[in-house]
Structures are given as structure tokens and as C-alpha cells.
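This chain uses plain numbering: 1 for the first residue, then up along the sequence.
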Amino acid sequence: MFAETSAKEVSAVIGAQDVRVPVSALVGAEGEGGAHLERALEISRVFIAASSLGTASRVLELSLKYSQVRVTFSKPIAGRQAIQRYLAEMAADVYALRGMLVDAESRAALPRRAPEVAGVAHS
């Protein structure tokens, strides 16, 4: 086994040489284990993105509440343009991630793989 990583990306290349696996322990047909592993990783990326969506939604909710309570110069910061922009960007990101997840989830049910969609939703 070996792993090769890149400093720019959080990814790895995994390979195996001269590994013997009993027929009873094969996943799928001989030589198809890698494809099964890729599919499992693709699906796990969608689950990670879904977890991130829940976290991002909660952070947005708490940020909105805090911006209404926090007062500077006798005015809630929710009324300040800079804060409104940050909150709007957060809301747009949450909305975009939700859409990507819906798309990735619908494609995950298809027999054709779509790793690029899962990867985008995951990042």
C-alpha cells in the first residue's frame, strides 16, 4: 500500500501491489473492488456535505440572532451594511450548498457515477 498526497489539495492516491485476497473476501467480481471503493467514497462525500449544510444553517441562524442583539453606537449591528453583506453571503452559500446536495442526491441514485458533483458539494 502507498499513499501520495498533494500540498495543494486534501486528496490521496491509494494503490496496492501483489495483494492476495481469498475469493470469499472479494467485493464484487475480481478486479472490481476499486470501483466499489470509489462509489462508497462518492456517497460519503454527499453525507459529509449534508453534515456541513446542517452546521452552516445553524451558524447562519445564530449569526442572525446575534446581529439583532449585539448593539454598537446605540444600534443593532444587523442594521449595518457590512454585517448585512456578511449575512447575505452566508445565506447565499447555505442556499447554494442545499441546491448542490439536492442535485448530488438525485444523481447518487443513478447507475452512472457523478463524482464531480459529490466532490463539489463536499468542498
Are Val69 and Leu62 linked, directly or through other ILVMFWY residues, by side chains that come within less than 4.5 angstrom of each other? no

Would you say Ile83 ends up clustered with Tyr66 if hydrophobic residues are merged whenever their side chains have heavy atoms under 4.5 Å apart, either directly or through other cluster members? yes

Work out which heavy atom in Ser67 is nearest to a heavy atom in Leu87; give both atom names and the distance. OG-CD1, 3.6 Å

For the hydrophobic clusters of this structure (ILVMFWY residues joined by side-chain heavy atoms under 4.5 Å, transitively), does one cluster hold both Leu64 and Val59? yes

Show the nearest heavy-atom pair for residues Val46 and Leu101, with the distance to one decimal. O-CD2, 3.6 Å

Going only through I, L, V, M, F, W and Y residues with side-chain contacts under 4.5 Å, is there a path from Met100 to Val102? no

Reported OG-to-CZ distance for the pair Ser63 and Arg58, which is rounded to 0.5 angstrom: 10.0 Å

Taken to the nearest 0.5 Å, the spacing of Phe47 CZ from Ile43 CD1 works out to 7.0 Å

Filter on salt bridge (charged side-chain N to carboxylate O under 4.0 Å, His left out), then keep only pairs touching residues 71-94, sequence neighbours left out; what's left? Arg85-Glu89

Once you round to the nearest 0.5 Å, how far does CD of Gln84 lie from CD1 of Ile77? 10.5 Å

Quick one: do Leu41 and Val27 end up in the same hydrophobic cluster if we chain Ile, Leu, Val, Met, Phe, Trp and Tyr together by side-chain heavy atoms under 4.5 Å apart? no

Out of curiosity, Leu97 CG to Thr55 OG1, how far, rounded to the nearest 0.5 Å? 10.0 Å

Distance (rounded to the nearest 0.5 Å) between Leu53 CG and Ile48 CD1: 14.0 Å

